[in-house]
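Contents: one structure, followed by commentary.
Nothing here was measured: the structure is a model prediction, and the numbers come from that model. Order of the sequence lines sets the chain letters (A, B, ...), proteins ahead of strands, with each chain counted from 1.
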Number of protein chains: 2
Amino acid sequence: MTKDERLQWFEATLEQAGLRRTLPRRVLLRLLAASETPLSAQDIYEQTGSDINLVTIYRTLNELTRLELLIRTEFGEGFYRYEPAPGPSDTAHHHHLVCDSCGSIADFEGCMVEEMLTQTVLPNNFQVASHTLTLHGTCERCQTQPSSK
Amino acid sequence: MTKDERLQWFEATLEQAGLRRTLPRRVLLRLLAASETPLSAQDIYEQTGSDINLVTIYRTLNELTRLELLIRTEFGEGFYRYEPAPGPSDTAHHHHLVCDSCGSIADFEGCMVEEMLTQTVLPNNFQVASHTLTLHGTCERCQTQPSSK
DNA sequence: TTCGGTGCAAATACTTTGCACCCTT
DNA sequence: AAGGGTGCAAAGTATTTGCACCGAA
């Protein structure tokens, strides 16, 4: 999925939900799509130079998450981080590696949870819709020169 | 691991950490060990009939988590839940099924993430120490009679 | 023109901290 | 006796809500 396709999908989804194409929404989507790692509300606020009200950022993040344009995850820091959803033709979602030493968050592709579940018996016929997998450990940099960030 | 073995492990760990065996700590460990699902600080506060100060509960939960006697997890509710750690002879940890309809949280055994990782290439030689896996979806009850709790 | 959207101020929810007193070791 | 532990009050973060004004359709 290219950056353009992604933006078009965003716009289309907003439209068919009867939502307006406003500046804050576009800015947020652009920022999140360009980011290497999931961003917090505070991160976004700072990256916009405080031009968009923090309350608006929270409201927008909630709205876009409700529309499933964003994914919300908590990495043990005490607040949520957001990133763009994989998209409608979901085939390649990813998960995250969290370094417990420096706090860095990296993506990792090649999730095999789906395959794993075909070999697993779930209690009470639970119907799985999605899943979250986060690996904790130590990143390469922290393995040699501990701490910091 | 029997309930008695678990309690002994708790006491021993407290002792060798130089921590005192106090009423709040015992009560918390007992409550958590007896619970079917992970409990929040508020849950525990209510289950003790408000006998133990909420601040003490938070402090105790942090302390026991630091000692790795408890596992802390966020299930998308906006607060943390705690449950007893698998124990030193960790062989069978478990993960959770969260019903997005009623919010119920159930355990599920038979995690195969470890095996999965042997077949996965992680970026930058990331060294995995632990992982969190949560399945979201619909529980059996909610598949027939939606909503409520 | 019409609602939905935004900003500001204030409120909430969860969690942590400071300090004096208490109790396990 | 001594130092860690607890309770109470207050503070700190993260996030939400009420309301008047603004602006996209």
Side-chain angles (χ1 to χ4, degrees), chain A residues 10-32 38-67 69-83 103 105, chain B residues 7 10-32 38-67 69-83 103:
Chain A
F10 282 156
E11 304 264 309
T13 305
L14 282 182
E15 172 141 26
Q16 75 188 60
L19 298 179
R20 294 177 184 170
R21 235 161 304 178
T22 65
L23 185 67
R25 285 176 186 160
R26 277 194 246 201
V27 171
L28 254 75
L29 291 173
R30 187 150 31 77
L31 272 182
L32 287 165
L39 300 177
S40 66
Q42 188 64 41
D43 288 341
I44 295 172
Y45 184 59
E46 286 162 11
Q47 290 197 24
T48 60
S50 314
D51 273 356
I52 298 175
N53 193 289
L54 190 53
V55 172
T56 301
I57 293 176
Y58 276 111
R59 271 193 283 234
T60 305
L61 289 173
N62 284 341
E63 199 66 26
L64 299 180
T65 302
R66 201 172 54 72
L67 294 177
L69 289 176
L70 299 181
I71 302 254
R72 191 187 74 169
T73 315
E74 206 279 342
F75 292 99
E77 304 168 297
F79 49 81
Y80 291 115
R81 288 183 177 276
Y82 299 80
E83 67 187 331
I105 302 174
Chain B
L7 284 175
F10 282 154
E11 305 265 309
T13 305
L14 280 183
E15 173 141 24
Q16 73 188 61
L19 298 180
R20 293 178 181 168
R21 234 160 307 177
T22 64
L23 185 65
R25 286 176 185 160
R26 277 194 246 201
V27 173
L28 254 75
L29 292 173
R30 188 149 32 75
L31 272 182
L32 287 166
L39 300 177
S40 67
Q42 189 63 44
D43 287 342
I44 295 172
Y45 184 59
E46 286 162 10
Q47 289 196 24
T48 60
S50 315
D51 273 356
I52 298 175
N53 192 291
L54 189 53
V55 171
T56 300
I57 292 176
Y58 275 110
R59 271 195 282 235
T60 304
L61 289 173
N62 283 341
E63 200 64 26
L64 300 180
T65 302
R66 201 172 54 73
L67 294 178
L69 289 175
L70 300 182
I71 303 252
R72 190 186 75 169
T73 315
E74 206 278 345
F75 292 99
E77 303 168 298
F79 50 81
Y80 291 116
R81 289 183 177 276
Y82 299 81
E83 67 187 329

Gap between atoms CG and C1', on A:L39 and D:dA14 respectively (whole Å): 16 Å
Sugar-phosphate, base or nothing in reach of B:R21, heavy atoms under 4.0 Å: sugar-phosphate
Interatomic distance where CG belongs to B:L19 and C1' belongs to C:dC23 [whole Å]: 15 Å
Earlier contact from the 5' end, DNA chain C, for A:G18 and B:Y82: A:G18
Toward the 5' end of DNA chain D, by each residue's nearest nucleotide, A:L23 or A:E77: A:E77
Touch class at under 4.0 angstrom, heavy-atom based, for A:G78 against every strand present: sugar-phosphate
Short side-chain N/O contact to D:dT6 OP1/OP2 from B:T22, under 4.0 Å: yes
Distance, rounded to the nearest Å, where B:Y45 contributes OH and D:dT6 contributes P: 15 Å
Nearest-nucleotide 5' precedence on DNA chain D, B:R20 against A:Y58: B:R20
A:L54 side chain reached by A:Q42 side chain, heavy atoms, under 4.5 Å: yes
Interatomic distance where CG belongs to A:L14 and P belongs to D:dA24 [whole Å]: 14 Å
Between C:dC14 (P) and B:L54 (CG): distance, integer Å: 10 Å
Distance-only donor-acceptor test (3.5 Å): side chain A:R59, base C:dG7: yes
Distance (rounded to the nearest 0.5 Å) between A:L69 CG and A:T13 OG1: 4.5 Å
Separation of D:dA20 C1' from A:N53 CG (nearest whole Å): 14 Å
Exercise: identify the closest heavy-atom pair between B:R81 and B:S40: NH1-N, 3.9 Å
Nucleotide C:dT6, atom C1' - distance to CZ of A:R26 in whole Å: 16 Å
C:dT15 phosphate, OP1 or OP2, under 4.0 Å from B:N62 side-chain N/O: no
Whole angstrom value for the distance that separates P of C:dT6 from CD1 of A:I57: 11 Å
OG1 on B:T65 to OH on B:Y82, rounded to 0.5 Å: 5.5 Å
Exercise: identify the closest heavy-atom pair between B:Y45 and B:I57: CA-CD1, 3.5 Å
Touch class at under 4.0 angstrom, heavy-atom based, for B:R25 against every strand present: sugar-phosphate
